[in-house]
2 protein chains.
Amino acid sequence: MNADSPRKTLSVDLGERSYPIHIGPGLLDDGSLLRPHLAGRQVMIVTNETVAPLYLESLKRGLIGGAESDLDVRELILPDGEHTKTLASVERIWDALLAAGFNRRCTLIALGGGVIGDMTGYAAACYQRGVAFIQVPTTLLSQVDSSVGGKTGVNHPRGKNMIGAFWQPRAVLIDTATLKSLPARELTAGLAEVIKYGLIRDLDFLAWLEANMAALRELDDALLIDAILRSCTIKARVVVEDETEQGVRALLNLGHTFGHAIEAHQGYGNWLHGEAVGTGMAMAASLSRRLGWLDDDEVTRVTTLLEAAGLPLAAPSEMDAEAFIERMRLDKKNLDSRLRLVLLRTLGDACVHDDTPPTLLDEFLRDYPRT
Amino acid sequence: MNADSPRKTLSVDLGERSYPIHIGPGLLDDGSLLRPHLAGRQVMIVTNETVAPLYLESLKRGLIGGAESDLDVRELILPDGEHTKTLASVERIWDALLAAGFNRRCTLIALGGGVIGDMTGYAAACYQRGVAFIQVPTTLLSQVDSSVGGKTGVNHPRGKNMIGAFWQPRAVLIDTATLKSLPARELTAGLAEVIKYGLIRDLDFLAWLEANMAALRELDDALLIDAILRSCTIKARVVVEDETEQGVRALLNLGHTFGHAIEAHQGYGNWLHGEAVGTGMAMAASLSRRLGWLDDDEVTRVTTLLEAAGLPLAAPSEMDAEAFIERMRLDKKNLDSRLRLVLLRTLGDACVHDDTPPTLLDEFLRDYPRT
């Protein structure tokens, strides 16, 4: 651990279930950040084949420390990819925990991106009706999104994240140095969620992103820490207001209804989640323009920033308006068959809109640019 | 609905998640008790092949009512038995919900015994990260035990209830008339849990049970309502004090550590859960005697009452002391490999004991009567 390295800590305030998010380069092997949050001696690190060779040993070394340790640290290395985010993978985690004889005071550590985090969190939520878990997210997307807020779960052949639970981590450790090993396309996908926070709640942050996007893509450490901290702060504030997504938390789904439709139609993994959300946000901005909420200049600010991040704007040419409508109707955010969209009332202020006239929506979907 | 029929209602006070327990004969087809607790139009009744022919139509009739209804009521009939309490059965529930296009405002109704209740509750806990559910327990065991307290889950080949969640119902409807169709052996098994409440917290109730056991076994309606109400009241009080089983809730496991060992060793279903708990309580009383906490007369009161309920006292002859020790070490209540037993400090006052000397325990297990 380098004492001079910049570090920041954010506290997510959820009463008894409050937890810290530590952000900075080179945190991964600093066991002093992890050890206070272990529930007992038994620890299982869940990771995947891509991340394990890069970071598993550092994490273990930090956790166990130099001297002899009484921790019983196990590891489970799963395959990589969105297609592995299934109940069958979670069953592998449960089987490993039971085979190791782990009890209710064990701790699961998720080392990887959103897929590993969501599955490990869900495994922790339901193992013996709930055990401790810690998130160590290694992608920008999971650092600013899935590691904050307690949403865990897996996909079902009929839809994304259909099975899951709300389960809060004991701590989140965001090591920005892990982003150096992240493919550029995945960094860009993560930036979609960062931009989202500016669009829904924070016009200043949006302006800051416009000024700093190029340097962020160059992985400037101080800027990365600031962007992640601000993203997590906005998300944490929304989550605290509405832990189980009855109201304001729905705003975090800006771009996600269109985005999920694209992901599902194109097959998960062909479009990255962040890429689909990027296009979804461009679509939400465009629809907000049709409703008279944004003007042309504001829409241009949105699309310019998305492009600067490297995100796609056009919808897939394979998807016609009917394909969008059909996929969106299946989306779980659509309560009682009513289509709910998160749109922009103005930049920095999103709202839930559930009475877009069907003809207007249909026309919009037909007109929207395709690849 | 017969307005003259005796009915009682208990409120389980869990803040925002508080819910009523209605108890009485013939409640099943009284839709007015159910309808206020539905989250939306979509309702799925989950039941099994034994219960469906007896009560499914009444429940549906009550729910839908005489006039036209806008409810979308579906049903899923699963096989019966403890061996069906698996993740695969819960997946069938999730598949049915998704095939029906059910959203986050759907409601699951569990119609059946503890297995149906535990699985349906778990399915509700994790469907789209949590939807509403209502318990309609049709066995005495589930009426006084699993329908109160929010424990849901399934078994794993390596142990009972290893996968699950804490998830509270919106309401519990206990129709005592369903006990008329319950096999005598299952009624007796349910009485084990009723006796447990007296032993752990309520000496008056214990005396009341001694006076009324014969009439209870004859299914006297007023006595059944009182016994169920008192059992649920004690359990609800314990659950409110300790919702996620960090402390006092452990007392509800009186007889369960020995009992689970018997069930697991004999194969689930060969001994009913309540039967194993009955023997487990006799064992706990006997061990409490060895520790000098109970005297001979008190142990006799326990065994006499268990016998009056029709419960077995002797442990299976196939299980030697080592078999007990081995099974108990796997029990999830044994944190960090320390054996924790719920014992009786005196009648009506249970405690958790985690330092029974191994030699004393071993000697006790060798001496305890076998079938």
Side-chain angles (χ1 to χ4, degrees), chain A residues 16 39-42 70 72 86-88 90-91 93-106 118 121-123 125-131 149-154 156-167 243-246 329-338 340, chain B residues 16-17 39-42 70 72 86-88 90-91 93-106 118 121-123 125-131 149-154 156-167 244-246 329-338 340:
Chain A
E16 282 178 5
R41 291 189 323 105
Q42 300 172 328
D70 70 340
D72 179 4
T86 62
L87 197 60
V90 172
E91 287 192 75
I93 303 176
W94 288 329
D95 291 347
L97 290 166
L98 285 162
F102 273 25
N103 60 37
R104 278 157 53 173
R105 290 240 291 265
C106 68
D118 286 4
Y122 182 57
C126 297
Y127 184 63
Q128 303 203 15
R129 298 199 189 92
V131 297
K151 279 191 179 182
T152 72
V154 296
H156 184 278
R158 287 183 190 264
K160 266 188 84 132
N161 297 319
M162 284 291 162
I163 309 304
F166 286 97
W167 195 246
E243 194 181 348
T244 56
E245 197 166 345
Q246 306 302 305
R329 291 234 170 268
L330 288 173
D331 199 90
K332 71 173 174 298
K333 285 179 293 299
N334 296 309
L335 303 177
D336 286 328
S337 312
R338 194 150 187 188
R340 296 169 83 222
Chain B
E16 281 179 5
R17 285 164 294 113
R41 291 189 322 105
Q42 301 172 326
D70 71 340
D72 178 5
T86 62
L87 197 59
V90 173
E91 287 192 75
I93 303 176
W94 289 329
D95 291 347
L97 291 166
L98 285 162
F102 273 25
N103 60 37
R104 279 157 54 172
R105 289 240 291 263
C106 68
D118 285 4
Y122 182 58
C126 297
Y127 184 63
Q128 304 204 14
R129 298 201 189 92
V131 297
K151 278 191 181 182
T152 72
V154 296
H156 184 278
R158 286 183 190 263
K160 267 190 86 136
N161 297 320
M162 284 292 161
I163 309 304
F166 286 98
W167 196 245
T244 54
E245 198 167 343
Q246 305 303 305
R329 292 235 169 267
L330 289 172
D331 199 272
K332 70 171 175 299
K333 285 180 293 300
N334 296 310
L335 303 176
D336 287 329
S337 312
R338 195 149 186 188
R340 296 170 82 221

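Here is the naming used below: chain letters follow the sequence lines, and residue numbers restart at 1 for every chain. Quick note: numbers below take in every heavy atom, side chains included, and nothing from hydrogens, waters or symmetry partners.
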**OP:** Would you mind checking which part of B:Ala123 comes under 4.5 Å of any heavy atom in chain A, side chain (CB onward), backbone (N, CA, C, O), both or neither?
**Re:** neither

Original post:
Please walk me through it: do B:Gln42 and B:Leu97 pass side chain to side chain contact (heavy atoms under 4.5 Å, CB included)?
Top reply: CA-CA 10 Å; B:Gln42 301 172 326; B:Leu97 291 166; over 6 Å; no

Subject >> Contacting region of A:Leu87 [heavy-atom separation from chain B under 4.5 Å] >> reply: side chain

**OP:** Under the side chain to side chain contact (heavy atoms under 4.5 Å, CB included) rule, what do B:Cys126 and B:Trp167 come out as? Steps first, then yes or no, please.
**Re:** CA-CA 9 Å; B:Cys126 297; B:Trp167 196 245; over 6 Å; no

Subject >> Under 4.5 Å from a heavy atom of chain A, the part of B:Phe102 involved >> reply: neither

Subject >> Partners passing salt bridge (charged side-chain N to carboxylate O under 4.0 Å, His left out) against B:Asp72 (at least two apart in sequence or in another chain) >> reply: B:Arg74

**OP:** State the CD-CD1 distance between B:Gln128 and A:Ile163, to the nearest 0.5 angstrom.
**Re:** 8.0 Å

